J.: 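Please read through the structure below; I'll follow up with questions.
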Amino acid sequence: MKAIQVTQFGGPEKLVYTDVKDVMPGNGEVCIRLHAAGVNPSDIYTLTGTYAFSIPQLPYTPGLDGAGIVESIGEGVTNVRVGDRVFIASLVQSKSTGTFAQKMVCDANSVHLLPGNVSFEQGAALGVPALTAYRALFHRACLKPGQTVFIHGASGGVGLQVVQMAKSYGAKVIGTASKPEGKKMVQQAGADVVIDHVTEATIEDVLALNDGNGPDVIIEFLANINLETDLKLIAPFGKIVIVGNRGSIEINPRLAMQKECDILATALWNAPKDEYIQGIQGVITMLTSGALRPIIGTTLPLQQASQGFEQLAKGIGNGKLVLTID
């Protein structure tokens, strides 16, 4: 079968489209014929060989998320049957041969039924992004209906799902994006207000959108740039959840003291088993009801995985980046 194989750590040039040995499921495992695979920032970090959460043994096939059809099942598997449409949400702690391939094998508990009205591309956009969004909103921020959620960088694969989840839970949602196409996607996701990224100079403009009040929850995707602005913007006793960061920042802790706000962080790999299960169940409930529909930004064939990595690393494009598989 065809797959992306990595024999040396490094950059996108190390992603090689080649023939690999076919895979077969063992006890408690499922083999899926894949139609699409999601590309996450964590895949890029893992490729470097320096990512603390995941240093795979070489050679390996990347990819944690995907969608396709069950081809075969191992002994003891009862949650899916051959022929089922499924999506895969496999964390690094689970056994998985990687979704950047025509077929993969993984633990049965990483495989979930995909509703018929959800495309394979949308199914591949679940997994890490959807579980991260759910964890940030409900396990870390403990979102309550009627609260205001401000998403600082809402046009990415995770941000758009945060918008949809927050709206489905009865929150008022303010999302930011830098480009017209990104703003259009944030509007499509259901945000009440869509604006440019906020700076210290535009904080008052944001407060004016919310009756002079700061948001109760801020979901932050670039903390090294925005955290101090977030501290000035957040409502008293509010919660800032850091989902993304690309460097260091110097802040005045007195800003947090003045608001008595919480600065929280989330990394999906830290989720206890019970919270991971809650997250999956919550995502499936929203998917089934139609409240959650991942918005796809760019699709590329599996053979162009290296191009996809380059685009994601440079922040090119909005929505979720997905690889399609013949």
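Numbers here are sequence positions counted from 1. What you see is a predicted model; the values in this text were computed from it and never measured.
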J.: Looking at side-chain heavy atoms only, is the closest gap between Ile218 and Lys239 below 4.5 Å?
T.: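 Not touching, per the 4.5 Å side-chain cut-off.
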J.: So which heavy atom on Ile325 is nearest to which on Ala101, and how close?
T.: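 Heavy atoms only, the tightest pair is CD1-O, 3.3 Å.
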J.: Side chains of Tyr51 and Trp269 only: does a donor on one sit below 3.5 Å from an acceptor on the other?
T.: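 The criterion, which ignores hydrogens and geometry beyond distance, is satisfied for Trp269 and Tyr51.
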J.: To the nearest 0.5 Å, what is the distance between OG1 (Thr97) and CE (Met1)?
T.: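 One gets 6.0 Å once the value is rounded to the nearest 0.5 Å.
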J.: Are Leu321 and Leu302 in one and the same hydrophobic cluster, where Ile, Leu, Val, Met, Phe, Trp and Tyr link if side-chain heavy atoms are under 4.5 Å apart?
T.: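 Yes, Leu321 and Leu302 fall within the same hydrophobic cluster.
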J.: Tell me whether Leu255 is reachable from Ile249 by hopping between hydrophobic residues (I, L, V, M, F, W, Y) whose side-chain heavy atoms are closer than 4.5 Å.
T.: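 Per the 4.5 Å side-chain linkage, Ile249 and Leu255 are co-clustered.
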J.: Taking the side chain as everything from C-beta on, heavy atoms only, tell me whether Phe120 gets closer than 4.5 Å to Leu114.
T.: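 Side chain of Phe120 against side chain of Leu114, heavy atoms only: contact under 4.5 Å found.
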J.: Can you name the closest pair of heavy atoms from Ile280 and Leu131 and give their distance?
T.: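 So the two residues come closest at N-CD2, 3.5 Å.
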J.: Between atom CD of Glu29 and atom CD1 of Ile73, what is the distance when rounded to the nearest 0.5 Å?
T.: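 Here the rounded value is 12.0 Å.
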J.: Nearest 0.5 angstrom please: Asp107 CG to Asn27 CG, how far?
T.: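 Interatomic distance, Asp107 CG to Asn27 CG, rounded to 0.5 Å: 11.5 Å.
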J.: Evaluate the side-chain proximity of Val82 to Glu71: yes if any heavy-atom separation is below 4.5 Å, no if none is.
T.: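 With C-beta onward as the side chain, the pair stays apart.
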J.: Decide whether Phe221 and Val241 are clustered together by the hydrophobic rule: side chain heavy atoms of Ile, Leu, Val, Met, Phe, Trp, Tyr closer than 4.5 Å, transitively.
T.: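 Yes, one cluster joins them.
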J.: Under a 3.5 Å cutoff, is there a donor and acceptor pairing between the side chains of Asn40 and Asp65?
T.: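 On atom types as modelled, these side chains qualify, holding a pair under 3.5 Å.
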J.: Determine whether Ile263 and Ile242 make a side-chain contact, defined as any pair of heavy atoms from C-beta on separated by less than 4.5 Å.
T.: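 In contact.
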J.: Look at the aromatic rings of Tyr60 and Phe9 and report parallel, tilted or perpendicular, splitting at 30° and 60°.
T.: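 Tilted: the ring planes of Tyr60 and Phe9 meet at 30° to 60°.
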J.: How long is the gap from CD on Glu121 to OG1 on Thr324, to the nearest 0.5 Å?
T.: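 Those atoms lie 7.0 Å apart.
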J.: Would Lys179 and Asn318 count as having a side-chain donor-acceptor pair, cut-off 3.5 Å?
T.: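 No, no side-chain donor-acceptor contact under 3.5 Å.
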J.: Do you know the tightest heavy-atom contact between Ile234 and Pro215?
T.: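 Looking at all heavy atoms of both residues, the shortest contact is CD1-O, 3.2 Å.
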J.: With heavy-atom distances below 4.5 Å as the criterion, would you say the side chains of Lys103 and Ile32 are in contact?
T.: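 Result no, sub-4.5 Å side-chain heavy-atom pair not found.
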J.: What do you reckon, is CG of Asp326 surrounded by more than 12 foreign heavy atoms closer than 6.0 Å?
T.: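 It does not: Asp326 CG has 12 such atoms or fewer within range.
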J.: For the hydrophobic clusters of this structure (ILVMFWY residues joined by side-chain heavy atoms under 4.5 Å, transitively), does one cluster hold both Phe53 and Val243?
T.: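 Cluster IDs for Phe53 and Val243 match.
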J.: Where is the tightest heavy-atom contact between Ala171 and Val149, given as atom of each residue plus distance?
T.: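 Shortest heavy-atom contact: CB-CG2, 4.0 Å.
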J.: Do you know which of Val194, Val163, Val193 makes side-chain contact (heavy atoms from CB on, under 4.5 Å) with Gln187?
T.: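 Only one of Val194, Val163, Val193 forms a side-chain contact (heavy atoms from CB on, under 4.5 Å) with Gln187, namely Val194.
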J.: Between Lys144 and Asp216 (salt bridge meaning N to carboxylate O under 4.0 Å), is one present in this structure?
T.: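 Not counted as a salt bridge, because no side-chain N and carboxylate O are separated by less than 4.0 Å.
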J.: State whether the side chain of Arg85 and the backbone N or O of Val118 hold a donor-acceptor pair below 3.5 Å, judged by distance alone.
T.: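 Looks like yes, one N/O pair under 3.5 Å.
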J.: Using side-chain heavy atoms (C-beta onward) and a distance below 4.5 Å, is Leu126 in contact with Gln161?
T.: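 Yes, close enough: below the 4.5 Å cut-off.
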J.: Assign the ring pair Phe309 / Phe100 to parallel, tilted or perpendicular, where the plane angle (0 to 90°) is split at 30° and 60°.
T.: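 Ring orientation, 0 to 90° scale: perpendicular.
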J.: For residues Asn224 and Gly247, report the shortest heavy-atom separation together with the two atoms involved.
T.: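 Looks like CB-O, 3.4 Å.
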J.: Could you walk me through whether Lys172 and Gln147 pass side-chain contact (heavy atoms from CB on, under 4.5 Å), step by step?
T.: CA-CA 6 Å; Lys172 177 180 179 180; Gln147 289 187 320; over 6 Å; no
J.: With distance as the sole criterion, is a donor-acceptor pair present between the side chains of His197 and Thr176 under 3.5 Å?
T.: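 A donor-acceptor contact under 3.5 Å links the two side chains.
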J.: For residues Val30 and Pro25, determine if any side-chain heavy atom of one lies less than 4.5 Å from a side-chain heavy atom of the other.
T.: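 The answer is no, as the side chains (C-beta and beyond) never meet within the 4.5 Å cut-off.
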J.: In terms of hydrophobic clusters joined by side-chain contacts under 4.5 Å, are Leu231 and Ile174 together?
T.: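 Yes, one cluster joins them.
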J.: Looking at residues at least two apart in the chain, or sitting in another chain, which of them share a salt bridge (Lys or Arg N to Asp or Glu O under 4.0 Å) with Lys2?
T.: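 Only Asp19 meet the salt bridge (Lys or Arg N to Asp or Glu O under 4.0 Å) criterion with Lys2.
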J.: Walk me through whether Asp84 and Ile69 qualify under side-chain contact (heavy atoms from CB on, under 4.5 Å).
T.: CA-CA 6 Å; Asp84 283 345; Ile69 296 175; over 6 Å; no
J.: Hey, could you give me the CD/CD distance between Glu310 and Gln304, rounded to the nearest 0.5 Å?
T.: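 If we round to the nearest 0.5 Å, Glu310:CD and Gln304:CD are 10.5 Å apart.
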J.: Between Phe138 and Tyr169, is the gap from one ring center to the other below 6.0 Å?
T.: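 Phe138 vs Tyr169: aromatic centres under 6.0 Å.
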J.: I'd like to know whether His152 forms a side-chain contact (heavy atoms from CB on, under 4.5 Å) with Ile219, so could you lay out the CA-CA distance, the side-chain angles of the two residues, the decisive distance to 0.1 Å, and finally the verdict.
T.: CA-CA 6 Å; His152 216 158; Ile219 306 296; over 6 Å; no
J.: List the steps, then state whether ring pair (Phe, Tyr, Trp, His ring centres under 6.0 Å) holds for Tyr134 with His139.
T.: CA-CA 7 Å; Tyr134 191 95; His139 291 153; 5.6 Å; yes
J.: Just how far is it from atom CG of Asn213 to atom CG of Leu233, taken to the nearest 0.5 Å?
T.: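 Rounded to the nearest 0.5 Å, the CG-CG separation comes to 11.0 Å.
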J.: More than 12 heavy atoms of other residues, nucleotides or ligands under 6.0 Å from CD of Glu75: is that the case?
T.: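 Result for CD/Glu75: open.
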J.: Go through the steps for Val39 and Gln311 under the test side-chain contact (heavy atoms from CB on, under 4.5 Å), then give the verdict.
T.: CA-CA 11 Å; Val39 183; Gln311 290 183 10; over 6 Å; no
J.: When you compare the side chain of Thr46 with that of Leu64, does any pair of heavy atoms fall below 4.5 Å?
T.: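 Of all side-chain heavy-atom pairs linking Thr46 with Leu64, none is under 4.5 Å.
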J.: Quick one: which of Ile203, Asp205, Asp230 gives a side-chain contact (heavy atoms from CB on, under 4.5 Å) with Val198?
T.: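 Only match with Val198 under side-chain contact (heavy atoms from CB on, under 4.5 Å): Ile203.
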J.: Report the residue from Val206, Thr202, Val186 that forms a side-chain contact (heavy atoms from CB on, under 4.5 Å) with Ile195.
T.: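 Between Ile195 and the candidates, side-chain contact (heavy atoms from CB on, under 4.5 Å) is satisfied uniquely by Val206.
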J.: Restricting to non-hydrogen atoms, name the atom on Val20 and the atom on Ala3 that form the minimum distance, rounded to 0.1 Å.
T.: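 Heavy atoms only, the tightest pair is CG2-CB, 3.7 Å.
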